[in-house]
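The next block holds one structure in the form of structure tokens; read it before the comments.
As the structure is a prediction and not an experimental result, all values here were calculated from the model. Lettering follows sequence order; numbering is per chain, from 1.
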Amino acid sequence: MVVAESKPIEEILAMVADFDKILLTGCKGCVTVCNAGGQKEVGILASALKIARKKEGREIEIEEITLERQCDPEYIDQLEEPIAKNNYDAVLSMACSVGPQYIAKRYEDTLVYPCLNTTFIGGALEHGVWAEFCQACGSCGIHNFGALCPIARCAKSLLNGPCGGSAGGKCEISPETDCVWHLIYERMSRLGQLDKMANVVMFKDWTTSRDGGPRKIVREDLKQ
Amino acid sequence: MKAGSHLEKMFAAGHFAVTGELGPPRGADAGHIHEKAKYLKGIVESVNVTDNQTAVVRMASMAVCRLLLDMGIEPNLQMVCRDRNRLAIQADLLGASALGIKNVLCLSGDHQKFGDHPQAKNVFDIDSMQLIATCKKLRDEGKLINDHECEGVPQYFIGAAVNPFADPFDFRVTRLAKKIKAGVDFLQTQCIYNMEKFRTYIQQANDLGLTEKCYIMAGITPLKSVGMARYMQKFVPGLDVPEDYIERLKGVDKKKQGDEGIKIAIEQIQEVKEMKGIAGVHVMAIEWEERVEEIVSGAGLLPRPEVS
């Protein structure tokens, strides 16, 4: 899933400093799963903003709505009525950055602000801890590396690691970061595939990654 | 001969080779280079010029290499993959050859997190293994990565680094073998302090016949003080400084610790010189260039042999 985290409250307060009435929108997709922008977090942020503004002596009116998904025009349409009726100063999105972009595209005259920092494609390691697993390079080859991704999980995206900074299974950048190449070594050793690690992996083609320009998938079989 | 560099000739003649290292300044002062490099002239075969080492911005390695050539000192151009993509890397490699640089050292590069611009975007389009392969392809096939033929084929003596002390230890010799497979001609090791572990590593390399396929230079960094030894032990990932050396430095007067460090370095050189499979030493006297002559001389390696 897309993993995101809330921006600092000070940053969000600065965004809405000039506004008196806003719509705060959540998303029931990935950001609900990673506890960053679901219905519950929308309620918490709305309360926090209201309390802070009350303290400043300038109350703010906040309406809350949490959509099924913000990365789908069908659900973004559901904002049409509230936006038309209420004359909001701005709409704030607690989805990943796809959400506010969809809202901005659909409602051309509306100011839109992101409340989250979209961080990575990853998963939970334990309750309250998430980690990056994929960099969406667009050409998955993890089967060559014991089904672990060196592009996303090695600090230098090395394809022929581990580098000389691997110590005790940890990456040189931090004792908190696993050396994925150490993990790859252990797993390939267990699978009896260490001979594969003796091969020189040659240049990666990055055209399928962001380096090839903004990406788009067209499925002719599904297009109408 | 692959490039006909002085370093390559020394190896080819069967001499135990010595290289040095020079870190460019954090500024535009060429005088700084002259000041430091004069201590290395005639003492070592060639001098590594670091490339934004520890991810700190410094004068460009290639420019400093050219300044050394003007001084009559052969440079080893260090090149890291952190700061340039395959376009810039190949452009720089071609330019280096045009400037008369014959030795290239291929490195991944320290992560920018350690440097003076941690906010930078890193590149790592290719890695050090692929950089070796790039140099080899340019030299042996006269072709760029995209198979385009070069007008004017560059000649390099291709080097890289290996760290016998990083983990997992059992993979380290495989990684050395990979660098040979990618096309490396000579290798310089990370600073050696744990001699026992280094012996095991070189034994493994000898057993696999790897030391006959490239020239391996043992990395020697003299310890200036107990403080430096502790720092390297605790904070430099992949470095192994045994307690024995620290105790030995502690055993002498604080003002004499540097001298003791030099003594240790000389003993280490004498020890690795006797090891099968070691073709030379790479002396990395960090900000201590003026003591290199004493080390090389103390190890009985001066004067340097002449080759033509």
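Contacts from residues 181-201 of chain B to chain A, taken as heavy-atom pairs separated by less than 4.5 Å, involve Lys181(B), Ala182(B) in sequence order.
Both the backbone and the side chain of Phe171(B) come within contact range of chain A, with heavy atoms under 4.5 Å apart. Neither the backbone nor the side chain of Asp240(B) comes within contact range of chain A, judged by heavy atoms closer than 4.5 Å. Contact of Asp211(A) with chain B is not made at all, since no heavy-atom distance falls under 4.5 Å. Looking at Asp125(B), both its backbone and its side chain come within 4.5 Å of chain A, counting heavy atoms on both sides. Looking at Arg86(B), only its side chain comes within 4.5 Å of chain A, counting heavy atoms on both sides.
By the side-chain hydrogen bond (donor to acceptor under 3.5 Å, both in side chains) test, Glu11(A) is found to be paired with Lys7(A), residues two or more places apart in sequence or in another chain being considered.
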Query raised in the report: Does the pair Asp167(B) and Tyr185(A) meet the rule for a side chain to side chain contact (heavy atoms under 4.5 Å, CB included), with working shown?
Result: CA-CA 10 Å; Asp167(B) 291 320; Tyr185(A) 174 81; over 6 Å; no

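Applying the 6.0 Å contact sphere to NZ of Lys105(A) captures no more than 12 heavy atoms from other residues, nucleotides or ligands. Counted within 6.0 Å of CG on Asp109(A), heavy atoms from surrounding residues, nucleotides or ligands total 12 or fewer; the atom is thus considered open. More than 12 heavy atoms of other residues, nucleotides or ligands lie within 6.0 Å of CZ in Phe169(B), so this atom counts as buried by the packing criterion.
Using a 4.5 Å heavy-atom threshold, the side chains of Ser174(A) and Lys113(B) count as touching. A heavy-atom distance below 4.5 Å is found between the side chains of Gln130(B) and Asn160(A).
Checking side-chain atoms of Lys204(A) against main-chain N and O of Ile126(B) turns up no donor-acceptor pair under 3.5 Å.
Heavy-atom pairs under 4.5 Å with chain A were tallied for Asp170(B), Val123(B), Asn122(B); the largest tally goes to Asp170(B).
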